[in-house]
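Working notes, structure below.
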Number of protein chains: 4
Amino acid sequence: MRGRTRAAEAPPWVPFEDRRRARDEKREAVLRMAVKMFLDEGYHRTTLNEVAARLNITKPALYNYFGSKEDILIECYRLGQEMFETSFAEIESESGSGIDKLRRLITAYAHVMMQDFGMCLVRLDDRELAAEARANVRAAKRNYDMAFRTYVARGISDGSIVPCDPKLATLTITGALNWIGHWYRPDGALPAATIADEFAVRLTQGLATR
Amino acid sequence: MRGRTRAAEAPPWVPFEDRRRARDEKREAVLRMAVKMFLDEGYHRTTLNEVAARLNITKPALYNYFGSKEDILIECYRLGQEMFETSFAEIESESGSGIDKLRRLITAYAHVMMQDFGMCLVRLDDRELAAEARANVRAAKRNYDMAFRTYVARGISDGSIVPCDPKLATLTITGALNWIGHWYRPDGALPAATIADEFAVRLTQGLATR
Amino acid sequence: MRGRTRAAEAPPWVPFEDRRRARDEKREAVLRMAVKMFLDEGYHRTTLNEVAARLNITKPALYNYFGSKEDILIECYRLGQEMFETSFAEIESESGSGIDKLRRLITAYAHVMMQDFGMCLVRLDDRELAAEARANVRAAKRNYDMAFRTYVARGISDGSIVPCDPKLATLTITGALNWIGHWYRPDGALPAATIADEFAVRLTQGLATR
Amino acid sequence: MRGRTRAAEAPPWVPFEDRRRARDEKREAVLRMAVKMFLDEGYHRTTLNEVAARLNITKPALYNYFGSKEDILIECYRLGQEMFETSFAEIESESGSGIDKLRRLITAYAHVMMQDFGMCLVRLDDRELAAEARANVRAAKRNYDMAFRTYVARGISDGSIVPCDPKLATLTITGALNWIGHWYRPDGALPAATIADEFAVRLTQGLATR
DNA sequence: TATGAATGAGCTTTCATTCAT
DNA sequence: AATGAATGAAAGCTCATTCAT
């Protein structure tokens, strides 16, 4: 009865749509809470009980949104990877010399590294993941490294970067960038944009021709 | 014959000394195995049972050498800290311009970071430690950062380093260095000395005046 | 039909109430089983596994009702103390001469001492408890002793008890009473009421004036 | 050779005797320390390590004197029983009316109950013992109870004690006496002799004819 | 006789996960 | 969709006891 009355008042797909949206919002809320707690306390020391409690729900309710604790972790990684990959794709689609693109890549990478899901990739331990998911994550990380290396190599080719070993050059750059995830505090003295821009300058200082 | 001769030559406390030495050696063996496994598998996923099994002893035997799992972890950190601090003290005692000492610090830090106990400080999670030990470790880490910052500042003063913000300059250097602990493989293509020397050059390229 | 009728009659919170009641009942069942086993076998020798097994549940299920083994013990003591204190309060609120109240106290104390939770106070070892809980229990025990001593002193004042040292007089009385917890068997030859009444007579025989 | 020389100097059994005496003394020292700690901390919470440490020896050394922890406990009980039985035998061998002997028994029992080995029988848990030793201890305890009951009955027969139920009369007496083991402190305000004498008076006050 | 080292057995506690409702 | 309750699996730690020396 009630259902019909409602259906008459509004397009029939609205409740479903609403319901799905509500569901998605809750799922996201779980994810945002979980990532914060994973980063704060570590994956192992974060119990699902505590995650649920902070969301004012109970532990089994989480299983409506995720199949397992590991699934939550996988999703954290996935969202982080998405952020990286979106940034990277945009840079790749643009034109510019090797050094230009390298600088843009550094800036973009730094920005992602200062967000919860982005820093997951360096702060959380991918050995928590089962083989498949772990392989996936590691492949992604390697790809990001390769992106840096590719731009360095391109810069050497097009003369915008001084001749050097792209592998070693990249290792210092990505190291400095990844470490951001370990010290950055959103409420700290340094704003994210400053950090990102400074790093782009500093990390390419020795590489640029001129 | 030899036995007798020895007995005549050696002081009577030898057996005790032997025992103590054997004990110390075993303690160290535990530690070396533990640190390897902590680094390989993570602290949480490494069970004392497995550590013991790999040493061909049983779990409770470990308690002859360490009071708790956490004590083993603390000792790993302590040995790492010792390595850093020994290196640092030597550099501090030498003379040289700011940039010189910074370079030596980078080389030394990189070397320690490529050894098991040294990389503990960045690979293991100090949140596993109870309050006191954790505070200790974090203070040590801060000190190391300060050492870098101090040399940069000194270099700016003595004109060997270009004027810049020591804090930001240091963040890229220590980031790149700390990250070594996450990618270095003793059996990899790059020898430790190469990495250390290259990093010293690269990470100061943009800082040196001339 | 019946379902509906019931639903109409009963308030909607009944299921919740039911659940809570069920929960409380189970908690009590745990407690009753635990106290029996603690008394039978001793606290240390009673494992949570055995407690759980006798209740046809598993060990971790116990942790739904109690935070730790010690918490169960604390609760046993608390229930025992409650029984003593309820009895005592009632006697205190009544009127009567010192010897009258002493006799009533003896009877009441004996009765509590012949019940599981009551005899906990003398049969279980309060050194199993952590400092705070132990202090609490010991204070309670001292209070009970003081109640006896107070009534003896009062009886001496009002002339219903012959002059004597209240401390020593009390020590024989409470000793005899506390020991009940060590020999009383519910299925033994002597009914609880007989014991309580006899003790009230016997233990005051030498004290009453006339 | 050396043996002979020695044998010539002194009776051959002396060293053996000495050695045995030394051994016995050590055994006793273990026992005295153990009983103190069992009483102080409880049998379970007293570890052999701690016993050994307090004697400035090591844990396995204890096994030279006792076959197991339980053996130590058994010996504590045995020594306590000996004390009781010696006292009892002496009283039994004397003459006197029922009430006289009952009073002497109370005094003697109280005295034993105020000594370490004596109070073992009521302070330590005989369920720690394996079946045989436990049966032995329990039989002894029953015997002591029976001694009291016998003297009460004898007193009723010879007219020195008023007619009453010997079982119930005895329960108050032995209860008060056994409880001494739970509150007596050697360094307390009441001297042992006072306690023993007072108890003898008080606990028979209601029983004596005249 | 005494020791350091090792062991086996056992216990409490934790936690992700499942299930009936 | 959500809950309370329960579970299996596992981990760290303790301790009496044994053994080679």
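Each chain gets a letter, A, B and so on, in the order the sequences are listed, and its residues count up from 1. Since we're looking at a predicted model, the values are computed, not measured.
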Heavy atoms, side chains only, cut-off 4.5 Å: are [X] and [Y] in contact?
X	Y	value
A/Asn136	A/Gln81	yes
C/Tyr65	C/Leu31	no
C/Leu48	C/Ile72	yes

List the atom pairs, donor and acceptor, that lie under 3.5 Å between side-chain atoms in residues 128-135 of chain A and the rest of the protein, sequence neighbours left out.
residue: A/Glu128; atom: OE1; partner: B/Arg45; partner atom: NH1; Å: 2.9
residue: A/Glu128; atom: OE2; partner: A/His44; partner atom: ND1; Å: 3.2
residue: A/Glu128; atom: OE2; partner: B/Arg45; partner atom: NH1; Å: 2.6
residue: A/Arg134; atom: NH1; partner: A/Leu129; partner atom: O; Å: 2.7

- Query: Taking for each residue the nucleotide of DNA chain F with the nearest heavy atom, is it B/Leu48 or C/Lys26 whose nucleotide lies nearer the 5' end?
  - Reply: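 In this pair, the answer is C/Lys26.
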I need the [atom1]-[atom2] distance between [X] and [N], as an integer number of Å.
X	N	atom1	atom2	value
A/Glu41	E/dC15	CD	P	12 Å
D/Glu50	F/dT14	CD	C1'	11 Å
A/Asn49	F/dT3	CG	C1'	12 Å
C/Glu25	F/dG4	CD	C1'	15 Å
C/Arg45	E/dC11	CZ	P	12 Å

- Message: Using a strict heavy-atom distance below 4.0 Å, which residues from residues 28-38 of chain A are in contact with DNA chain E?
- Response: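 When residues 28-38 of chain A is checked for heavy atoms under 4.0 Å from DNA chain E, there are no hits whatsoever.
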- Task: Look at C/Glu28 together with C/Arg32 and state whether they make a salt bridge at an N to O cut-off of under 4.0 Å.
- Result: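 Result for this pair is yes, salt bridge flagged.
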- Query: With the threshold set at 4.0 Å, does a side-chain nitrogen-carboxylate oxygen contact exist between A/Asp126 and A/Arg138?
  - Reply: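 Yes, A/Asp126 and A/Arg138 are salt-bridged.
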- Message: Can you see if the side chain of B/Arg23 gets near the phosphate of E/dG4 - specifically, an N or O under 4.0 Å from OP1 or OP2?
- Response: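 Checking B/Arg23 against E/dG4: no side-chain N or O falls below 4.0 Å of OP1 or OP2.
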- Item | Working for side chain to side chain contact (heavy atoms under 4.5 Å, CB included), residues C/Thr46 and C/Asp40 | CA-CA 9 Å; C/Thr46 304; C/Asp40 265 20; over 6 Å; no
- Parsed dot-bracket for DNA chain E after applying the Watson-Crick and G-U rules with both distances under 3.5 Å and | for other-strand partners is .||||||||||||||||||||
- Task: Using the test ring-ring contact (aromatic ring centres under 6.0 Å, His included), find all partners of B/Phe38 that sit at least two apart in sequence or belong to another chain.
- Result: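 Expected list: B/Tyr43.
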- Task: Indicate yes or no for a side-chain donor-acceptor contact from D/Tyr77 to the backbone of D/Leu124 under 3.5 Å, with no hydrogens or angles considered.
- Result: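 Here the side-chain-to-backbone pair exists.
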- Query: What pairs meet the salt bridge (charged side-chain N to carboxylate O under 4.0 Å, His left out) rule with one or both residues in residues 60-73 of chain A, with sequence neighbours excluded?
  - Reply: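 Qualifying pairs, neighbours excluded: none.
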- Verdict with reasoning, B/Glu75 to B/Arg27, per side chain to side chain contact (heavy atoms under 4.5 Å, CB included): CA-CA 11 Å; B/Glu75 195 66 6; B/Arg27 200 186 121 103; 2.9 Å; yes
- Listed in order of residue number, which residues of residues 51-73 of chain B have a non-hydrogen atom at under 4.0 Å from DNA chain F?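 Per residue number, the list reads B/Lys59, B/Pro60, B/Tyr63, B/Ser68, B/Lys69.
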